[in-house]
Amino acid sequence: MSATAKKGAAKKDGANQPFIYRQFDQDKLRDALRKMYLIRQFEEGAEESYMRGLIHGTMHLSIGQEASAVGICLGLSDEDQITSTHRGHGHCIAKGADVSRMFAEFFGKTTGYCRGRGGSMHIADVSTGNLGANGIVGGGLPIAVGAALTAKKMKTGNVVVCFFGDGANNEGAFHEALNMAAIWKLPVVFVCENNGYGMSTSVARATAVPNIADRASAYAMPGVIVDGNVVSDVAEAMHEATERARNGEGPTLLECKTYRYRGHSKSDRNRYRTKEEIEEWMTERDPIEAFESQLMEFGVIDQNGIEEIRESVRKEIEAGIEFAKESPMPEVANLEKYVYTEQA
Amino acid sequence: MDAQVETATRELSYAQAIQEAMAIAMERDERVFLMGEDIGVYGGAFQVTGDLVERFGPDRVMDTPISELGGAGVAVGAAVTGMRPIFEFQFSDFATLAMEQIVNQAAKMRYMLGGAVSVPVVMRFPAGSGTGAAAQHSQSLEAWLGHVPGLKVIQPATPHDAKGMLLAAIEDPDPVMIYEHKILYKMKGEVPEGYYTVPIGKAEVRREGADLTIVATSIMVHKSLDAAKQLAEEGIDVEVIDLRTVRPMDRQTIIESVCKTSRLMCVYEGVKTLGVGAEISAMIAESEAFDYLDAPVVRLGGAETPIPYNPELEKATVPQVDGIVKAARELVTGAR
Ligand SMILES: Cc1ncc(C[n+]2csc(CCOP(=O)(O)OP(=O)(O)O)c2C)c(N)n1
Ligand SMILES: [Mg+2]
């Protein structure tokens, strides 16, 4: 089921190669880097369009968290499903969405993934297994468990990944969902992207345990902590959790420690953290820079190859924004469409 | 008439007026404290609590985890046992996660215990559309709570009333839910200095008129007043009533007005069907004002859809000034 392949695996063999170099071929790894660029440049493009008044509403950027989205989705197929969060652009792209249709959604156009009804906070591409971003913190947790219940009942062999933030672990839905997933041994992986803060509230101030993964013991499932800025570490832990899920052994709680560079949403005075803290993460732990140098070190790509991918991503982003601008607006006459299912 | 000790006034925004009310209440009464998500250093999602944490400290301006059900319940528990909590939902939509504590506990505790306790909790609900935040951040669900005996539900439309009604809510021995339209937060108006209250359960006639009564809530009061101005130029004289309180409803003010004008239109942002306007219409149909009606009652409410993201669709979802003008004109000239 999972898109794993070993043929043409990266050079520098040996058991001490990081996981992804043993697990995936070089094209797959270069594609992972491409997706990371795509996420970052998509969000930079969205941010700029927002500043220029082309996009309204609000948006939550995941710049700095790309390794987690990409590492988690690396081994998934389109049939495997995810539930996403308000900070969900990266998940959507990592799962395979087309950035043109994402931009179109942000511009409120009919060609957008939600036909202009959802916007950034509800971005979804059901065709690649993304059941949607969510405006409600913790809202996706039980839904992911329900999707995993379907997978089990219908014996599809699919896994479901539930993305959520550190802040979400204090919602009742989190606890109820983990418990049910555990008692029914459902094929779901709970992926907490711990970026240190829920809006302005640090994990230390909001959560009684030091790690979100510590919650796992209350629900008798493995709780795994990884450096969420290292693609290979994320992918490796995810691989184990996925195997477990597909083998009917039940859920895993996987915590990716990461950091968001931007403010919580469009308005944020960053009063709850220091400039130094932000700068340290940006300069010393950037997930894209780290992945670039690792790929070069293992001979998967060189500087020219990097430039080529960056350039092609730049073009894809430009074309996406152009597509969004030129797409038509929905008609007010269709306001009440999609409230209920159209029936013949 | 409303105010008890009114002094000088100055211009404040609606958000500032609420902040001032909370500050005054905390100064007057040690039992008053604030709870909510990101209301401390962040100042609240809409900057309503602002810098209050600097003035009153984190023990009285308490950031909660993202736990609406638990947080609201803690506020209820503190209220029952002698404190005076003011609980902020970051968006009114998230109160759906706390319905259990609001509806089953706060509203009913006094009754179930035969009057042995009361629940003096205040909850604040930033509501409404117009910000592009789409379906889960734009709702107007005040009618839900208006359906629950034991709760009081208020919707101040001006900075003056926001401050005065919030102070009245804090004094009130029972749970008071205050719906604040997000678009009104930046609206400015004259606000008296110092302590005063505006009574819960009293509507206010914002404009007198002879041809038609519009009963509006929250932001729709302002849209209706704008519409009334335009209609006046056509010779249509509209009376605009600001409902101010959804529960308990001020029936008398509405009945008297309809007896005078013989026409009624209800304008509110919540979904039209089974909303505040349904209650007002039914109440008039049951009252002596029914015999005075010269035309069917008209309701203008939100469309039967979640709030869409696209700005044009979003606007089309809730009543706008043009629509109010058109509907009022048709009602008065008998075109409908
Ligand atoms: C039920 C609910 N409560 C509050 C909010 C407002 N809100 C949106 S995102 C957010 C912080 C979420 O923090 P976390 O889960 O850590 O995700 P992050 O934003 O850090 O990615 C809050 C409080 C919401 N959308 N839904
Ligand atoms: Mg977080």
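Numbered from 1 within each chain, the chains take letters A, B, ... in sequence-line order.
Side-chain atoms of Val339(A) and Glu304(B), non-hydrogen and from C-beta on, never get closer than 4.5 Å to each other. When side chains are defined from C-beta on, Gln136(B) does not count as touching Met121(A), because their heavy atoms never get closer than 4.5 Å.
No more than 12 heavy atoms of other residues, nucleotides or ligands lie within 6.0 Å of CD in Gln343(A), so this atom counts as exposed by the packing criterion.
Put simply, the residue from Ile66(B), Asp38(B), Thr64(B) that forms a side-chain contact (heavy atoms from CB on, under 4.5 Å) with Thr201(A) is Asp38(B).
Note on Gly139(A), Ala173(A), Gly116(A): by heavy-atom pairs under 4.5 Å with chain B, the leading option is Gly116(A). No other option in Ile55(A), Ile136(A), Thr58(A) has as many heavy-atom pairs under 4.5 Å with chain B as Ile136(A). Of the residues considered (Ala133(B), Pro308(B), Pro311(B)), Pro311(B) shows the highest number of contacts with chain A, using heavy-atom pairs under 4.5 Å.
Here the closest heavy-atom approach between residue His122(A) and residue Ala135(B) is recorded as NE2-N, 4.2 Å. Minimum interatomic distance between Glu331(A) and Leu313(B) (heavy atoms only, all atoms of both residues): O-CD2, 3.7 Å. Taking both residues in full, the closest heavy atoms of Ala206(A) and Pro65(B) are given as O-CG, 3.5 Å, listed atom of the first, atom of the second, then distance. Closest of all the heavy-atom pairs between Ala316(B) and Val332(A) is CB-CG1, 3.5 Å. Shortest non-hydrogen contact noted between Asn310(B) and Met329(A) is ND2-SD, 3.1 Å. The minimum heavy-atom distance linking Ala134(B) with Gly118(A) is given by the pair CB-O, 3.7 Å.
Distance alone, capped at 3.5 Å, is enough to place a donor-acceptor pair between the Tyr309(B) side chain and the Phe106(A) backbone.
Residue Tyr42(B) touches chain A through both its backbone and its side chain, counting heavy-atom pairs closer than 4.5 Å. When heavy atoms are compared at a cutoff of 4.5 Å, Gln47(B) approaches chain A solely by way of its side chain, counted from C-beta outward. Neither the backbone nor the side chain of Leu69(B) comes within contact range of chain A; no heavy atoms are under 4.5 Å apart. Heavy-atom distances place no part of Arg115(A) under 4.5 Å from chain B, backbone and side chain included. Heavy atoms closer than 4.5 Å to chain B are found nowhere in Asn270(A), neither backbone nor side chain. Interface residue Asn134(A): backbone and side-chain heavy atoms are both found under 4.5 Å from chain B. For chain A, the nearby parts of Thr317(B) are the backbone and the side chain; heavy atoms of each come within less than 4.5 Å.
To the nearest 0.5 angstrom, Tyr272(A) atom OH is 12.5 Å from Asp63(B) atom CG.
Of the charged side-chain nitrogens involved, at least one lies within less than 4.0 Å of a carboxylate oxygen, so that Asp51(B) and Arg271(A) count as a salt-bridged pair.
Judged purely by distance below 3.5 Å, without hydrogens or angles, the side chains of Ser67(B) and Asn170(A) never pair a donor atom with an acceptor atom.
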